[in-house]
Peer 1: 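Submitted below is the structure of interest, expressed as C-alpha cells.
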Amino acid sequence: MPRLNDQVQELLQEYADLINITGGDAFRARAYEKAARAVGGHPEDVAGLDVKGLQQIPGVGKSTAEKVAEYTATGRITALETLRAKIPSGVREMMAVPSVGPKRALALYRDLGIASVDELADAIRSDKLSEVAGFGERSGEKILHGIELMRQSGGRTLLDTATELAEQIVAALSDVPGCTRCAYAGSLRRMRETVGDIDVLATAADSEPLMAALTELPYVAEVIASGPTKTSVLTDQGVQVDLRVVPEEDWGAALVYFTGSKAHNIKLRTMAVRAGLKLSEYGLFEVDGDAKNGGAKGGGAKGGGAKAAAKAAKATKGDGTKVVSATEEEVYAALDLPWIAPPLREDRGEIEAALRGELPDLVQESDLRGDLHTHTDLTDGLASLEEMIDTAAARGYSYFAVTDHAPDLVMQRMTDEKMLAQREQLHRLADRHKKLRLLHGTELNIGPDGGVDWPPEFLAGFDLCVASVHSHFNLDRAAQTHRLVRACENPYVHVIGHLTTRRIGRRGPIDVDLDAVFAAAARTGTAIEINSSPQRLDLRDEDILRAKRHGARFSIDSDAHATPHLAYPRFGVGTAQRAWLTTEDVVNTWTWQRLKHFLRKDALR
DNA sequence: GCCGTTTTCGGCCCGACTGTTTTCAGTCG
C-alpha cells in the first residue's frame with residue numbers, strides 16, 4: 001500500500017477534480033489541489049496527526065484537516081463519496097487525456113453520455129464529437145492522439161509507486177514463518193522506467209503460507225490465480241503482483257529467469273545449451289549424456305565448480321541433473337560469466353562485454369555527492385530553504401544546489417530582488433552545515449530562440465544554472481534543436497534540465513535532433529540532466545547511451561519540489577545504470593574541486 | 001477553502017497557446 005500521505009494526496013486531488021467537473025467554486029478546488037500537494041510532500045506521516053496537527057501543514061485548513069482525519073479514522077471521506085455518486089469515475093479519468101480538462105469532460109458526459117476514455121475514443125472515430133459545442137475536427141484528432149499516448153504506457157505503473165509497493169510486499173512476505181528468501185525481480189529490478197506488473201520471488205519448503213499471506217494483504221483487491229507455485233493478485237491500485245515460490249536450491253536460477261529481460265535470458269539459454277546445460281524457470285540442469293563438448297568445456301574453474309556441485313540433486317522438472325544454483329553468481333559462473341547487474345540485462349551487448357571482462361563499473365546511488373536541481377517554496381516547491389537544506393545535509397551530500405525558477409516562467413513571480421534575498425539567506429545558512437557546500441543556482445527557461453531569463457551580468461552571480469524548456473513544446477525540429485544548442489553555448493548554463501520535457505504517459509518528447517544537442521553539450525562542457533522524477537525520467541536510457549557516445553557528461557538530479565523528493569535520484573541512478581554510466585560520466589559524483597572546475601566553462605567566455 | 005508586512009474579508013499563479021471562436025473558453029505550465 002502506498003504511503004498514507006500519497007493516498008490522501010490522491011483523494012484530495014480527486015475531490016478537487018470533482019469540484020471542478022461539477023462546476024464548483026474554482027478557488028475552492030484550487031485550495032484542495034494545493035492541500036493535496038502539501039500533504040503529498042509533507043515529510044511526516046499524516047497517520048500520526050490529529051486535526052490540530054494536520055492544520056500545521058501549510059495549505060491545510062480546518063475543512064481539509066477534518067476530511068483527512070475522517071479518512072485515517074474510517075477509511076472514507078463522506079463529502080468525496082457524495083460527489084463520486086454524481087459523476088461516473090470514467091468522466092474524471094478522461095481528464096487524464098491531454099487537452100481534456102474538467103469542462104470538456106463534463107460537456108462530453110452531459111451531451112453525449114460519454115463516461116470513459118474508451119467511449120471517448122469510439123465517439124471520435126464515429127464522428128460524434130462535433131455534436132458537442134466547442135469540439136471540432138482538430139480537437140478530435142488531438143484527443144485521439146492523446147489517448148494513444150496514454151495507451152502506449154497504458155496499464156504501466158511508475159517506478160516510485162511500483163518500488164514502494166514491491167518493497168512493502170517483500171517486507172511482509174519475508175516475515176512469514178518458513179520464508180527463507182524473498183525479493184522482487186522483473187522489469188522493476190532492471191529499473192525500467194515503467195513497470196507492467198510486479199514479480200516477487202521467494203523460497204520456502206512449504207509455499208502455502210506465503211501464497212496465503214499475499215492474498216490476505218489489506219490492499220489486495222482481487223486474486224486472479226492461486227496455486228502451489230504461483231499466485232497472482234491485483235492491488236486496489238490496479239497493479240498486478242505475481243508471486244512465485246521456489247525451492248531454496250533454485251533461487252539463483254529462478255531469480256535470473258524472472259528478472260529477465262526475455263532477450264537476455266534467451267541469450268543465456270543459448271550459451272547454456274552450448275555448455276551442455278539447460279536454464280529454465282525450474283532451475284539449471286546438466287543435460288544427461290552428450291553435449292559436453294560445447295563452450296564451457298575449456299571454460300575454467302568456475303564452470304567446472306558449479307558442475308561439480310551438480311551431483312547434488314536429481315531433477316524433478318527438466319530432463320537432466322539439477323545443478324544447485326543457490327545464487328545468481330553461481331548461474332552466471334556456470335556459463336563462465338561474471339554476475340551481470342540487472343539494469344544491464346537487456347541484451348544490449350552486456351553478455352559480450354562480460355565475456356571480454358569489460359562490464360562497466362556502474363554508478364551507484366551512494367556515489368552521488370550532491371543534487372544540482374531543487375526547488376523551494378520561493379517558487380513552486382513546498383518546503384522552505386532551511387528544510388530542503390537540512391534534508392540534503394541528512395542525506396550526507398557534500399554539495400547542494402538550490403535552483404528556483406527564473407522570472408520568464410511568469411506564474412512563479414520571480415524577481416531579481418527575491419533571488420538576491422534568497423542568496424543572502426543561503427549564505428547565512430552556510431554556517432549551519434559546515435560539511436555541506438551550498439550552491440546558489442536557478443532553473444532558467446530556454447526561450448523559443450534559445451535565450452534565457454537574465455543578462456550575463458546577473459547570471460554571473462549564480463554558482464550554477466540549470467536551463468530547461470518549459471514552453472513552446474510545438475516548435476519544429478530545426479527550431480527546437482537551435483534553441484537547445486544555443487542554450488548549451490551559453491557560458492552561464494551548466495546543466496540542461498529535463499531535455500525532452502516528456503511526462504510519462506502524459507506528454508511526448510519535443511521534436512529535436514538529439515545528436516546535435518548531445519554534440520553541442522559535449523563540445524561546450526554542458527552537462528545533460530538525468531531528471532530522476534518518476535513522472536519524467538528524462539533522458540531515457542537509450543538516449544543517454546547516445547549522448548555518452550558523443551562524449552557528453554550527466555547530472556543525476558531530483559528536481560525536488562518537496563523534501564521527500566530528494567530521494568528520487570535512486571530512480572535516476574537506475575536509469576543511468578541502464579545506460580552503462582560510471583562515475584566518470586556523472587558530474588555530481590565528482591569531488592567539489594573537480595565539479596567546480598567543470599562549472600567554469602571558461603573557454604566560452 | 002485557505003490565508004494574513006493588505007490580517008477575519010477579499011483576494012487567490014498569470015500568460016500563452018489552441019481551436020473554436022468573430023471575441024472567447026479551456027487547458028497547460
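Numbers restart at 1 for each chain; the letters A, B, ... are given by sequence-line order, proteins then strands.
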Peer 1: Using the P atom as the point on both nucleotides, what is the distance between B:dT27 and B:dT20, in whole Å?
Peer 2: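 That atom pair is separated by 13 Å.
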Peer 1: Find the distance A:Lys62:NZ to B:dC3:C1' and express it as a whole number of Å.
Peer 2: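 The answer, rounded to whole Å, is 16 Å.
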Peer 1: Strictly under 3.5 Å: I want the nitrogen or oxygen pairs between protein and nucleotides 16-20 of chain B, one per line.
Peer 2:
| residue | atom | partner | partner atom | Å |
| --- | --- | --- | --- | --- |
| B:dC17 | OP1 | A:His472 | NE2 | 3.2 |
| B:dG19 | OP1 | A:Arg138 | NH2 | 2.8 |
| B:dG19 | O3' | A:Ser139 | OG | 3.3 |
| B:dT20 | OP1 | A:Gly136 | N | 2.7 |
| B:dT20 | OP1 | A:Gly136 | O | 3.3 |
| B:dT20 | OP1 | A:Glu137 | N | 3.4 |
| B:dT20 | OP1 | A:Ser139 | N | 3.2 |
| B:dT20 | OP1 | A:Ser139 | OG | 3.0 |

Peer 1: State whether a side-chain donor-acceptor pair under 3.5 Å links A:Asp453 with A:Asn445.
Peer 2: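 Short answer, yes.
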Peer 1: For the C1' atoms, the ones on B:dT23 and on B:dT18, what distance do you get once it is rounded to whole angstrom?
Peer 2: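 Taking atom C1' in both B:dT23 and B:dT18, they lie 15 Å apart.
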Peer 1: When the nearest nucleotide of DNA chain B is assigned to A:Phe27 and to A:Val100 on a heavy-atom basis, which residue is associated with the more 5' position?
Peer 2: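 This one resolves to A:Phe27.
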Peer 1: So, taking the atom named CE in A:Met388 and the one named OG in A:Ser558, what distance separates them when rounded to the nearest 0.5 Å?
Peer 2: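 Nearest 0.5 Å value for the CE-OG distance: 6.0 Å.
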Peer 1: Any salt bridge (Lys or Arg N to Asp or Glu O under 4.0 Å) involving residues 86-105 of chain A? Give me the pairs, sequence neighbours left out, ordered by first then second residue.
Peer 2: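 Listed by first then second residue: A:Glu10-A:Arg92, A:Asp17-A:Arg92.
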Peer 1: Is the shortest side-chain N to carboxylate O distance from A:Glu193 to A:Arg502 below 4.0 Å?
Peer 2: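 Looking at A:Glu193 and A:Arg502, the cut-off is met.
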Peer 1: Under 6.0 Å between ring centres: does that hold for A:Phe462 and A:Trp454?
Peer 2: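 Yes; A:Trp454 has its ring centre under 6.0 Å from that of A:Phe462.
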Peer 1: If you measure from the C1' atom in B:dT21 to the same atom in B:dG26, how many Å do you get, rounded?
Peer 2: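 After rounding to an integer number of Å, I get 12 Å for this pair.
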Peer 1: Taking atom P of B:dG1 as reference, at what distance in whole Å does atom CD1 of A:Ile19 sit?
Peer 2: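 Going from CD1 in A:Ile19 over to P in B:dG1 covers 8 Å.
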Peer 1: Can you check the A:Leu378 CG to B:dC13 C1' distance for me, whole Å?
Peer 2: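 Distance check: A:Leu378 CG to B:dC13 C1' gives 14 Å.
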Peer 1: Please give, in whole Å, the distance from B:dT27 C1' to A:Lys103 NZ?
Peer 2: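 Between C1' of B:dT27 and NZ of A:Lys103: 11 Å.
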Peer 1: Rounding to the closest angstrom, what is the interatomic distance between B:dC17 and B:dC12 at atom C1'?
Peer 2: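 Their C1' atoms lie roughly 23 Å apart.
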Peer 1: Among B:dG15, B:dG29, B:dG1, which nucleotide has an atom closest to any side-chain atom of A:Ala31?
Peer 2: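 The answer is B:dG1.
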Peer 1: Below 4.0 angstrom from OP1 or OP2 of B:dG1, is there any side-chain N or O of A:Arg30?
Peer 2: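 Indeed not, no polar side-chain atom of A:Arg30 lies that close.
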Peer 1: Scan A:Ser471 against the nucleic acid and name what it touches under 4.0 Å (heavy atoms): base, sugar-phosphate only, or nothing.
Peer 2: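 The answer is nothing, as A:Ser471 stays clear of every strand by at least 4.0 Å.
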Peer 1: Over how many whole Å does the gap from A:Gln412 atom CD to B:dC28 atom C1' extend?
Peer 2: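 The distance from CD of A:Gln412 to C1' of B:dC28 comes to 13 Å, rounded to the nearest Å.
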Peer 1: Please determine, for B:dC2, whether a Watson-Crick or G-U wobble partner exists with both distances under 3.5 Å, and give it or none.
Peer 2: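 The answer is B:dG11, by the H-bond criterion.
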Peer 1: Choosing from B:dC28, B:dG15, B:dG1, which nucleotide comes nearest the side chain of A:Arg507?
Peer 2: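 Within the option list, the nearest is B:dC28.
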Peer 1: Classify A:Lys34 by what it touches in the nucleic acid, base, sugar-phosphate, or nothing, heavy-atom distance under 4.0 Å.
Peer 2: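 Since no nucleic acid heavy atom lies under 4.0 Å of A:Lys34, the category is nothing.
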Peer 1: Given the P atoms of B:dT6 and B:dC13, what is the spacing between them in whole Å?
Peer 2: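 Their P atoms lie roughly 16 Å apart.
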Peer 1: Once you round it to whole Å, what is the distance between C1' of B:dC2 and CG of A:Leu54?
Peer 2: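 Rounding to the nearest Å, CG of A:Leu54 and C1' of B:dC2 are 15 Å apart.
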Peer 1: Which residue pairs pass the ring-ring contact (aromatic ring centres under 6.0 Å, His included) test when at least one of the two sits in residues 368-391 of chain A, sequence neighbours left out?
Peer 2: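 Only A:His373-A:His375, A:His375-A:His405, A:His375-A:His561 qualify under ring-ring contact (aromatic ring centres under 6.0 Å, His included).
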Peer 1: Which of the following nucleotides, B:dG1, B:dG15, B:dT27, is nearest to the side chain of A:Pro102?
Peer 2: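 Comparing B:dG1, B:dG15, B:dT27 against the side chain of A:Pro102, the answer is B:dT27.
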Peer 1: Rounding to a whole Å, what distance do you find between A:Tyr32:OH and B:dC3:P?
Peer 2: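 One finds 12 Å between P of B:dC3 and OH of A:Tyr32, rounded.
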Peer 1: A:His405 NE2 to B:dG15 C1': how many Å, rounded?
Peer 2: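 My rounded result for the distance is 16 Å.
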Peer 1: Using a strict 4.0 Å threshold on nitrogen-to-oxygen distance, state whether A:Lys67 and A:Glu70 make a salt bridge.
Peer 2: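 Result for this pair is no, no salt bridge flagged.
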Peer 1: Would you say A:Asp557 and A:Ser555 are linked by a side-chain donor-acceptor pair, where the criterion is simply a distance under 3.5 Å?
Peer 2: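 Note: A:Ser555 and A:Asp557 side chains meet the donor-acceptor criterion.
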